[in-house]
Each structure stands twice: as structure tokens, then as C-alpha cells.
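Lettering of chains follows the sequences in order, A, B, ..., and the numbering in each one begins at 1. Note that the structure is predicted; figures quoted are calculated from it, not measured. Keep in mind that the numbers below use all heavy atoms, side chains included, and drop hydrogens, waters and symmetry copies.
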Amino acid sequence: MLQVLMVAEKPSIAEILANALSQGSCHMKVSRTSPCRVYEFLGSFRGQRANVKVTSVLGHVFSFDFPQEYNNWDSVEVEQLFFAGVRKVVAESGTKVVKHLAKEAAGIDYLVLWLDCDREGENIACEVIACVKDSMKSTPVIQGDKANVFRAKFSALTTRDICKAMENLTYVDTNQAASVDVRAEIDLKVGVAFTRFQTCFFRDKFSSLDSKLVSYGPCQTPTLGFCVARLDEISKFSPETFYFVVVTVRKENRTSKWYSTRGKIFDRQVANAIVERIRSSSSVLTGKIIDARATKERRKRPLPLNTVELLKLASTRLKMSPHRVAQVAENLYTQGLISYPRTESSKYPSSFDMEAVLSELERTSTWSPVIKVFRKGNQLNKARQGGVDKGDHPPITPVRGVEKGSLKNEEYERVYELIVNCFLSSIAEDAVVAHQQYWMSLNGEKFVFSQKKLVEPGWLEFSRSSNYLDSLHVNSQIEFEENESVADFTVSLEEMQTEPPEYLSESDLVEMMEKHGIGTDASIPTHINNIILREYVRLSNERRLIPTQLGILLYRGYQKIDPQLVSPVVRSHIEQEISQVASGQVDAMSVVEHCLNIFWKKFLYFREHIELMDTLFQTVFTSMHSSGKNFSLCGRCNRYMKLIEEKQNRLFCVNCNDTFRLPSGKFHIMNGNRCELDSFELVTWVSTWGRPLVICPKCYSDSSSDTLFSDPQWYPGLGCTQVSTCRSSSCPWREWHQSTIWLCALCVQQAEKTKPNNSPGVVFLSPRLSTQIYCNRCNFSLKFSQVSVVQVCPVEQTCETCHSRKLLLERLPNSVRQTGCIYCDSQFLAVLTRDMPRRTFRASPRPFRTK
DNA sequence: GCAAGGTC
């Protein structure tokens, strides 16, 4: 019997496929180790009996990365990244998948690939082939008569569509797959190179720039660009005052507002003159209706829904972030309730069965009244002209009818409802609005009054943009007749101001990104999220994107150096080149080389002119040179270094132009005590949680970056006195280290309970008052009573049970000497009492020095 | 530590 393996892009689709293809007769193979489920059934393949297995991957199995040696930021020249040979590595989510596929493909005759029908899908298809090539019965052949690897292309997860795809198997499109690799390599190299360079350049330069990463990306940066460009429009705007001459008419207890046909008047004097002229009329003033006109206006029904439109609508109407909407829609899709939610098409294919969707909805009690209304008022229209069929997937529509309240939560309900409403709107009749207008002449001035009324609601009945609908539901129209005289009115001036454009809304941004080809419909939400996370923009309560200072500076900097870097045009250009690879017109290698060559040159230019951006940063972010106060002495040049107290505390030597990172907390100067190793002046560090400790800024800075918390020799807070980095035996502060005992039991207990990442403090014997023990992190503190001399025994004499260092005591009054462990020896515990008051310590503070 | 693209 033939052995056939089918692979989908995600587990949920594998399940749907298996059920559809086996008519529900498949069974799930249970395996704890597999990352993805496997379904099995007996069926047929190409006319033969076959044992069919259906499983999946979890998106991409591989991703591109630099070889290990390129990962060191300090040793790799950034420019070299452009010439590095990148390799495909197993992606984090793919580690188990590789083995899983190889195992399931053992001995199969045929492989059928059911990945999503886009370029990424073709690329993943190739990844799957790479994983199974050594397991299949014979070498994979992906084309021609001898092919044993096929591609199934489906556009909806209905049984009908799935079976149709099965009957029309095609081949993997390697050109499309290659185009994805091209994009990946270019994005990786360009993004990483610019990001590393910018980050390193600015990080240690500006004290108040506490962002760790100053990233650049071919998608995220142009996205930021859109937001700042709008800010520019807003700041360039200068408001203007304008006036309307208004006549308020009362008739049968109702008022109507009539506007002068002159429209906006920007000159106040002119506007006043007009009002005065009417008011000062010598005769009794009456107006006369000189014209009445009724017209009808068609409001076209919306186009069928695609992803971008869904993201926009959900942001404006449901106030949901694009990121969240994408997640919810994806879920509705995998539950089989809506069609594939990532599509660019806004035109139903000719085969699309609207009636089937309608009757599916009609089966539910929630939607059946709505469908009834629909059938009564609407012909089953073909959707409006003007949509495009991108050939990927059909527009987003409901697939199954769902009762209200049966979905996971409110968000799901609302997104589903939006999709149903959009579907109904798209196939309903156009709406018709009656437009009634009257003209009146008053002392030579002409005024117009207009009112609208919804005559045929059409699609508006299903659209939830109720604001618009409400505005049309006027109680009743006010009517006038031609030649009618109007006597009861007042004339006034209405003052208004032109308004600046608003910050970009999420919905606007999504639209602009789509228009310029920035990101895919699946990744647009991620990019928006990204620039928020990096603090280049922030999201206002009205879901508008407001650039931050950092975002603005970056944008302006790129504009000064190379405006193309923030321009969407570059991305579009790359996309075009890639499309040529996808269609097989150009080979992948030459496009990679061509594009990287361009960006390499851009990089060199950018690096050469970075001071243009630097100047901008200097105006806003405080430079190290001008901030901070003179503090302790540099061990190299013996001049004062500046202490900069920000999120990340630092000491900066203006003379050596070097930065030393300090832990968080407060610092005091020590009177001239120097580190024996590097001559840097020692400082006292008072952390927010514990006791003061002495540290050497240089030793700390050097050690803190590469020391692991798991190293028992290093616990933050141990200060200069810790063993692993300080090799000086004559340093007087080594005494501190010599008095350390072991980890604080209370901290350890606490860490086990709550935050395992927080390393515990260390208990040590007070060097000043040798009858006290305290922890440098928590407020744990002990005091000896009836003991005269206490010392910490040498390192070699540790407790066999708990590894803490033993203490030497001399008991009063007989001066009996004994050694033991404070944690394990009961006789020790007897002379220890808990020392409640928390002591504070200060190492001879003195006034700050000045230059 | 860094991109963008899948999906979890």
C-alpha cells in the first residue's frame, strides 16, 4: 500500500484537512514528544489504496542567521556583516519540527504540501522537503512525470475546496521560494548592520538616551517615517479664522440654519459688512424662497473585505489594535468560521457561492432575522465593480453561521460580527440618500439650507457605522415652498478656524503601509507594534500614533544623511526586485548582490556622515560631556570623572572619553582610596535594598557585563571585594571580602518562593563591629551576645554541610575558643540573636568637589 | 543584544 504524508502550515489546519479528506474517519496518533499532531486514515492516492498521514509544521522551520563569530558586537567590524556568509539555521520554533518531519516521513512514497498559498508557503514547502529528503523511500522529485512531491493549493478550509485542491495537485514553485530567501538575507544584513552601528554610536554617548537599542529595519523605519511626516504636516500648519454668514429661520417651532452662498469668508471686516448691510435694511426685512431642489445620491456599497480593510475597520470601529485583530481573525479562521484572513483580494471569484454563505448564516437564530431583512430588501447583488482579485485567497467572509454568545469572548464576537456585516454590506444594494435644498434671497444675499434623508438604506442597514446612519434619520423634514416669505429669523456670524490634520491613526498607518508595500498583511501589525515598543512613537487614547523625541530625531537624522533610508520607496524597490525572482525572470543571487551592494554603499555613507544625526541628538539628549557632576578620580588620567545618575548609572571620563557602568543605587566618594589593580578611586555604593559596599568603578564595569549570576563567586552587591575579579591581595578593602560568610538564607528562601532570577544577598561579618552579621541585600541581621572575638575562618575551612565559612568565637567570660557554622551548629545559634534595628553606614562623606 | 517572516 502507498504511504503518503501531507504537511500543513499549522496543526489546526492539519486537523481540518484530515477530517475533510477522510470524511471524518481519521484518527489521531498520540505522541507526547511530537510538536505537532499526526492524523491517519486509509484513503486513496492517484487511484491506489494509500495509508495517509496528515501533520504540520509551525510556520517556518528555518531562519537566516550570521555564523557564530559574527555575533560579537565588539570584535566584528559592522561593515563586514554585509559580506558575511549567512546560513539557514533551525528556527526556535522549529527545533522539534525537524525531527518530527524526518520521523513521520520515514518510508513514504509521496509527500503532499498543504502550506498557505503565498510565497512564504512555497518557501516553507522547500523547508519541509529539506527535512524529509533523507527519510523518503526515494529521493524527492518535485516536478514532472516522476514527481513524488506535490503541492496542494486551497483557498478556503471547506471540504469542497480541500477536495478540489486534492484533485488538482501542482508543483512547488521554487522561484517563489527563492524570492523569500532573497528578502530574508537582505533584511537581515541591512537591519543588523545599521542597528548595531547606530546603537553602539549613540549608546555611550548620551546620558539621557537610555534606550538600549536604536534599531533600524527596512520595514519598521519607513513605518516610523509615516508617523513623523504627519507630525511635520501638523507643525507646519497655521490655523486661519473664517466666517459664515448664517440666518437662523424659525418656522412652526422648528429652526433651520441657512448659510450664505458666499461660503467661507476669511476677512472679518467683509463678513461684518455683509451682516450689517442685511440688518440695516430700511424696509421690513423678509426673505423669499427662490428655489427648491431635490436630488438623489447613491452611496455605493463597500468592496469585499480584505485583510488591510479589516485591520482598519477594526481599529476605528472596534478600537482594537491591528495586532490583536490579526490574532482573533486567525483564530476564527482555524475554527472554520471565516475564510482565510490574510488576503489582498477585494473581489469575489466567479465561483464564489454567496447563496451558500447566506443560508449558512440563516441557520442560526442570531442571523436569520438579519438575512430575512437582507432577502426582502436586496437583490442578491454581485459585489460592486472595482475590486481586485489578487489570486491569493478570496476576500474575507463568514464560512459558518455562529450564534451570538457562543464564541470565546467579546472580542471574537465583535470581529466575527464585523466580518458578517461587511460581507452582507458588500453584496447588498447601494444606499440612496435624498438631498433636499432650498435657496432664499434676503436683501440681495443668497442663502442655502439643505437636509438629507435616507430613502433606501441598502447596505447601510448591515453596516454598523451607525453615526452616519443616525445623521440621516432626521425626525421629519422641514419644508418650504417656492416664493414663500420668511419673516421670523435672525442674522449672525459664525466664527470657525481651519484645523490642522491629526496624528496618524492606526487605521491611516495601516493604509499607508499597504499602499507603499511596507510589510505584508500578516506583518503590518507587528511593525506598528515594534515602533511602539522601541519607543519611537506612542499610542494615544484615540489610537493615534504620536512620535516621541527619539523617533523624531532618528527620522530627521536619516533625512539629513540619506532620506531614502526612511522613505518607503526603497522597500518598494526591493519588493519589485524580489517579485522578479518570484516570477523567474531574474536569478536570486544577482538580486541579493545588487541590493546588498546598494545598501553597503548607503551604510558607508551613513557612517561617514553620522555627525549630522549626532548634532541633532546633542540638541535634545544631554551629552555625557555636559551632564553629571565631578565625582571620583580616573585611574588613567587622574582627573575627575563625571557621575551620571540616570536609568543606567555611569561614570564618564571626559578626558579619556570612556564610560564605566555602575549598578543602580546611590554613590559616595571615598577619601582617596584607590583600587590596587587599576588606580581608579573607589566609591561607596548604597543600593536601594541593602548595605553600603565599596566598589571600584572599573572593576565593576569590566566584570558586570560578562559575569553570570550562576557563578557562585559573583553576586551583585558583593562589590569590589568579590573574589573572581579582584586579584589584589593587599587591597585594604579585601577585608570586606574576607568577612563574607555565605549566601543569605533568608534571601535564598525568598528567591525560591518568588523571583528565581534575583540572586540572593551575602551575609558577612561587619568589619567595624565584629559581633554583627548582616546581609548585603535584605534586612537580615544577626548579633552575637556574650562573645568577645569573632573572626571568619580562612576559606579552606568551610562547613561540610552547607559550605558556608566557619566563624571563630571567643566566649565570655572564660575565653573559650571554638569554631563553627552559624547555620548548622546549634551551640552557635544559642549566642545569636536577631538584630532588629537596621544599621546604616556611610564612608566618610564629604562635600562634592568642583573642577 | 540586531531584521522580517512564518506561527505558538
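Between Arg534(A) and dG1(B), a side-chain N or O to OP1/OP2 separation shorter than 4.0 Å is absent. Contact between the side-chain N/O atoms of Thr520(A) and the OP1/OP2 oxygens of dG6(B) is found at a separation under 4.0 Å. Here His527(A) does not reach the OP1 or OP2 of dA3(B): none of its side-chain N or O atoms lies under 4.0 Å away. Side-chain nitrogen and oxygen atoms of Arg119(A) include none within less than 4.0 Å of the OP1 or OP2 phosphate oxygen of dA4(B). Applying the 4.0 Å criterion to OP1 and OP2 of dG5(B), one finds that Ser523(A) has a side-chain N or O inside that range.
Between the CZ atom of Arg571(A) and the C1' atom of dA4(B) there is a distance of 7 Å, given to the nearest Å. Separating the CD atom of Gln220(A) from the P atom of dA4(B) is a distance of 4 Å, rounded to the nearest angstrom. Computed from coordinates, the Glu122(A) CD to dG5(B) P distance equals 18 Å when rounded to whole Å. The nearest whole Å value for the distance from the CD atom in Glu120(A) to the P atom in dG6(B) is 5 Å. Computed from coordinates, the Gln198(A) CD to dG1(B) C1' distance equals 14 Å when rounded to whole Å. In this structure, the CD atom of Gln327(A) is 15 Å from the P atom of dG6(B), given to the nearest Å. One interatomic measurement links the two molecules: CG of Asp118(A) to C1' of dT7(B), which rounds to 13 Å at whole-angstrom precision. Asp74(A) has its CG atom 13 Å from the P atom of dG1(B), to the nearest Å.
Centroid-to-centroid, the aromatic rings of Phe599(A) and Phe82(A) stay 6.0 Å apart or farther.
Asp116(A) comes within contact range of the sugar-phosphate backbone alone, with a heavy-atom separation under 4.0 Å but no base atom that close. As judged by a 4.0 angstrom heavy-atom cut-off over every strand, Ile124(A) is placed among residues making no nucleic acid contact. Note on Phe64(A): a base of the nucleic acid sits closer than 4.0 angstrom, heavy atoms only. Backbone-only contact: Ala522(A) has heavy atoms under 4.0 Å from sugar-phosphate atoms and none from a base. Among the protein residues, Gly121(A) comes within range of no part of the nucleic acid, since none of its heavy atoms lies under 4.0 Å from any strand.
The residue among Val192(A) and Gly94(A) whose nearest nucleotide of DNA chain B lies closer to the 5′ end is Val192(A). Comparing Leu81(A) and Gly59(A) by the nucleotide of DNA chain B whose heavy atom lies nearest to each, the residue mapping closer to the 5' end is Leu81(A).
For Arg342(A), the side-chain atoms get nearest to dT7(B) when compared with the rest of dT7(B), dA3(B), dG1(B). Among the nucleotides dA3(B), dC2(B), dG5(B), the one closest to any side-chain atom of Cys219(A) is dG5(B).
Under the stacking definition used here (centres under 5.5 Å, planes under 30°), the residue Trp73(A) qualifies as stacked on the base of dG1(B).
Residue pairs meeting the salt bridge (Lys or Arg N to Asp or Glu O under 4.0 Å) criterion with at least one partner in residues 578-595 of chain A, sequence neighbours excluded, are absent.
Test Ser523(A), Pro218(A), Pro222(A) against Ile518(A) for side chain to side chain contact (heavy atoms under 4.5 Å, CB included) and you get one pass: Pro222(A).
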Note to self: Walk me through whether Ser215(A) and Arg534(A) qualify under side-chain hydrogen bond (donor to acceptor under 3.5 Å, both in side chains).
What the structure shows: CA-CA 8 Å; Ser215(A) 62; Arg534(A) 294 276 154 78; 2.8 Å; yes
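For Glu309(A), the salt bridge (Lys or Arg N to Asp or Glu O under 4.0 Å) partners two or more places apart in sequence, or in a different chain, are Lys312(A).
A donor atom on one side chain and an acceptor atom on the other are found under 3.5 Å apart for Thr55(A) and His100(A).
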